[in-house]
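These notes are about the structure you will find just below.
In the text below, chain A, chain B and the rest are named by the order of the sequence lines, each starting its count at 1.
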Amino acid sequence: MPGRDEVRPLSRAELPVDTMEMARFLIGKLLVRGTPEGRTTGRIVETEAYPPGDASGHHFRGETAANRSMFLEPGRAYVYFIYGVHFMLNVSSEPARTGGGVLLRALEPVGGIDLMRARRGPVRERDLTRGPGRLAQAMAVVPELNGVDMCEEGPIWLAEAPRPAGEIGVSVRIGITKEAHQLRRYFERGNPCVSGSTAHNRSDN
DNA sequence: AAGAAGATTCGCT
DNA sequence: GCGAATCTTCTTA
């Protein structure tokens, strides 16, 4: 039976053209990264939406050389560097020239776990990809990935969910000061790989 | 030209 | 719980 291990990219036609819908849609989907060292794969369990008009979004003040990827069609990688330490990976999520993105905050490790360990050092498996900076380190997210089309099998792409997503929780986003009350964080409830405090992940929000 | 803020993580107290 | 690490980008003078 061909392709038992094949991981096919999600087509652009399957993606929602709306940031909140994209943030929800991506929960449970696979993120796949291919490098010369091998392939790492994780199931997306936590996202945040940064829609048009959101003052906390990097696209808020219009298109620049730095945020250009978020003004491309849905399904492009937007990579940026923050705090002088970490890279963050986002997926563009609005029609071209609009500006919007979904931050990928946590994965459940699925494949290439030894390679993730080599990149992350000795931590519990669930901590390999729990948090956006850790996710980026485990998946070797580098600036060269900025603008990459994640709807085709390249260095990094999105693929079909290996199993249906569980119940999806919603909360305020983590670590921002502007638009802090907006309920734009999505996560698979009960998944140990989700970041955030207990307060963020309660079921009564 | 200079400065502050920033979608975080880690280690120590 | 707090602060350091460390750099890019945008804003303001």
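C/dC10 atom C1' lies 16 Å from atom CD of A/E63, rounded to whole Å. One can place CG of A/N146 at 10 Å from P of C/dT9, the figure rounded to the nearest angstrom. Note: CZ (A/R61) to P (B/dG6) measures 11 Å, nearest angstrom. In this structure, the NE2 atom of A/H181 is 17 Å from the P atom of B/dA7, given to the nearest Å.
Taking OG1 from A/T47 and NZ from A/K29, the interatomic distance works out to 10.5 Å, rounded to the nearest 0.5 Å. In this structure, CG in A/L145 is found 12.0 Å from CH2 in A/W157, a value given to the nearest 0.5 Å. One distance of note links OG of A/S56 with CG of A/D54; it measures 3.5 Å at 0.5 Å rounding. One finds the CZ atom of A/R163 at 3.5 Å from the CZ atom of A/R43 (value rounded to the nearest 0.5 Å). Expressed to the nearest 0.5 Å, how far OG1 of A/T98 lies from CD of A/E73 amounts to 11.0 Å.
Rounded to the nearest Å, the gap between the P atom of B/dA4 and that of C/dA4 is 15 Å. Between the P atoms of C/dG3 and B/dA5, the separation comes to 15 Å (whole Å).
At least one donor-acceptor pair under 3.5 Å links the side chain of A/E179 to the backbone N or O of A/A55. Listed for the A/R173 side chain is a donor-acceptor partner under 3.5 Å among the backbone atoms of A/A49. A/S92 contributes no side-chain N or O that, together with a main-chain N or O of A/M70, makes up a donor-acceptor pair within less than 3.5 Å. The closest donor-acceptor contact from the side chain of A/E94 to the backbone of A/T19 lies under 3.5 Å. A/E188 contributes no side-chain N or O that, together with a main-chain N or O of A/A165, makes up a donor-acceptor pair within less than 3.5 Å.
Among the atoms of the strands shown, only primed sugar atoms or phosphate atoms (P, OP1, OP2) are found under 4.0 Å from some heavy atom of A/R120.
For A/Y78 and A/H58, the side-chain atoms include at least one donor-acceptor pair closer than 3.5 Å.
Residues from residues 95-112 of chain A placing a heavy atom under 4.0 Å of any atom in DNA chain C do not occur. Interface residues of residues 40-52 of chain A facing DNA chain B, ordered by number: A/Y50; criterion, heavy-atom separation under 4.0 Å. Scanning residues 127-137 of chain A for heavy-atom distances under 4.0 Å to DNA chain C yields an empty list. Of the residues in residues 64-88 of chain A, A/Y80, A/I82, A/Y83, A/H86, A/M88 come within less than 4.0 Å of DNA chain B through at least one heavy atom, sorted by number.
With salt bridges taken as basic N to acidic carboxylate O contacts below 4.0 Å, none links A/R8 and A/E160. Using a 4.0 Å cut-off between a side-chain N of Lys or Arg and a carboxylate O of Asp or Glu, A/R134 and A/E46 do not qualify as a salt bridge.
Using a 4.0 Å cut-off, no side-chain N or O of A/H58 falls inside it from OP1 or OP2 of C/dT9. Contact check, A/T177 against B/dG6: a side-chain N or O comes under 4.0 Å of OP1 or OP2.
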Name each donor-acceptor pair under 3.5 Å that joins a side chain in residues 136-143 of chain A to protein atoms two or more places apart or in another chain, with its distance.
unit_1 : atom_1 : unit_2 : atom_2 : d
A/Q137 : OE1    : A/R120 : NH1    : 2.8
A/Q137 : NE2    : A/R119 : O      : 3.1

Task: Structure string for DNA chain B in dot-bracket form, Watson-Crick and G-U at under 3.5 Å, | interchain - done: ||||||.|||||.

Open item on the list: Please determine whether side chain to side chain contact (heavy atoms under 4.5 Å, CB included) holds for the pair A/R76 and A/D149, giving the CA-CA distance in whole Å, both sets of side-chain angles, and the decisive distance to 0.1 Å.
Closed with: CA-CA 5 Å; A/R76 296 288 191 138; A/D149 185 358; 4.2 Å; yes

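You'll find the side chain of A/L26 stays beyond 4.5 Å of the side chain of A/Y186, heavy atoms only.
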